[in-house]
Novice: 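After the structure tokens below, expect a handful of questions from me.
Every value quoted in this text rests on a predicted model; they were computed, and no experiment measured them. Position 1 is the first residue of the sequence; numbering continues from there.
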Amino acid sequence: MDTRIAMISIIVEDMQATAQINELLHQSADYIVGRMGIPYRDKGVSVISVVLDAPTDAVSTLSGKLGMIPGISVKAVYAKK
């Protein structure tokens, strides 16, 4: 199975969404290399970076499901190699 290194960046504006985010990330745990969450209290948001080593389809599916959650913004970036 061909995999790629990718990063999914998530900006959480609605903290009620965190349970849904964590559930989706838990479902993709086999692909997750690491994650970092930064609460930016002054702006009332949290920023989450998730690094994956996964098939392109798995990254696209996860970012698509995350993008459907109200109150968050999502973007996926892939390594060139």
Novice: With a 4.5 Å cut-off on side-chain heavy atoms, are I48 and I8 touching?
Specialist: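 I8 does not reach I48 side chain to side chain.
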
Novice: Let's go through I11 and I72 carefully: what are the C-alpha distance in whole Å and the side-chain angles of both, what is the deciding distance for side chain to side chain contact (heavy atoms under 4.5 Å, CB included) to 0.1 Å, and is it a yes or a no?
Specialist: CA-CA 6 Å; I11 297 177; I72 71 167; over 6 Å; no

Novice: Assess the residue pair V45 and V12 against the criterion (side chain to side chain contact (heavy atoms under 4.5 Å, CB included)); give the C-alpha distance rounded to whole Å, side-chain angles, the decisive distance to 0.1 Å, and a yes or no.
Specialist: CA-CA 5 Å; V45 300; V12 183; over 6 Å; no

Novice: With side chains defined as the heavy atoms from C-beta onward, is the minimum distance between V51 and I32 less than 4.5 Å?
Specialist: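 No - every pair of side-chain heavy atoms lies 4.5 Å or more apart.
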
Novice: Give every residue pair that meets the side-chain hydrogen bond (donor to acceptor under 3.5 Å, both in side chains) criterion with at least one member in residues 58-73, sequence neighbours excluded.
Specialist: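 Of all non-adjacent pairs touching residues 58-73, those that pass side-chain hydrogen bond (donor to acceptor under 3.5 Å, both in side chains) are S60-Y78.
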
Novice: With rounding to the nearest 0.5 Å, note down the distance linking CG in D53 to OG1 in T3.
Specialist: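 So the CG of D53 and the OG1 of T3 are separated by 3.5 Å.
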
Novice: Just how far is it from atom CG of L52 to atom CG of L62, taken to the nearest 0.5 Å?
Specialist: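 Going from CG on L52 over to CG on L62, the span is 6.5 Å.
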
Novice: Kindly indicate, with the supporting measurements, whether the criterion side chain to side chain contact (heavy atoms under 4.5 Å, CB included) is fulfilled by V59 and R4.
Specialist: CA-CA 9 Å; V59 176; R4 290 183 67 186; over 6 Å; no

Novice: Could you grab the distance from atom OG of S46 to atom CD of E13, nearest 0.5 Å is fine?
Specialist: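 The distance works out to 10.5 Å.
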
Novice: Side chains of V74 and I69, heavy atoms from C-beta outward: is any pair under 4.5 Å?
Specialist: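 Side-chain contact under 4.5 Å: no.
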
Novice: Please answer whether the main-chain N or O of L25 pairs with a side-chain N or O of S28 as donor and acceptor at a distance below 3.5 Å.
Specialist: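 Side chain of S28 to backbone of L25, a donor-acceptor pair under 3.5 Å: no, none is there.
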
Novice: Hey, are the side chains of M7 and S49 touching, using non-hydrogen atoms and a 4.5 Å cut-off?
Specialist: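 The answer is yes, as the side chains (C-beta and beyond) meet within the 4.5 Å cut-off.
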
Novice: Are V50 and M15 in one and the same hydrophobic cluster, where Ile, Leu, Val, Met, Phe, Trp and Tyr link if side-chain heavy atoms are under 4.5 Å apart?
Specialist: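 Both belong to a single hydrophobic cluster.
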
Novice: What's the spacing between K75 NZ and I10 CD1 if we round to 0.5 Å?
Specialist: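 Those atoms lie 13.5 Å apart.
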
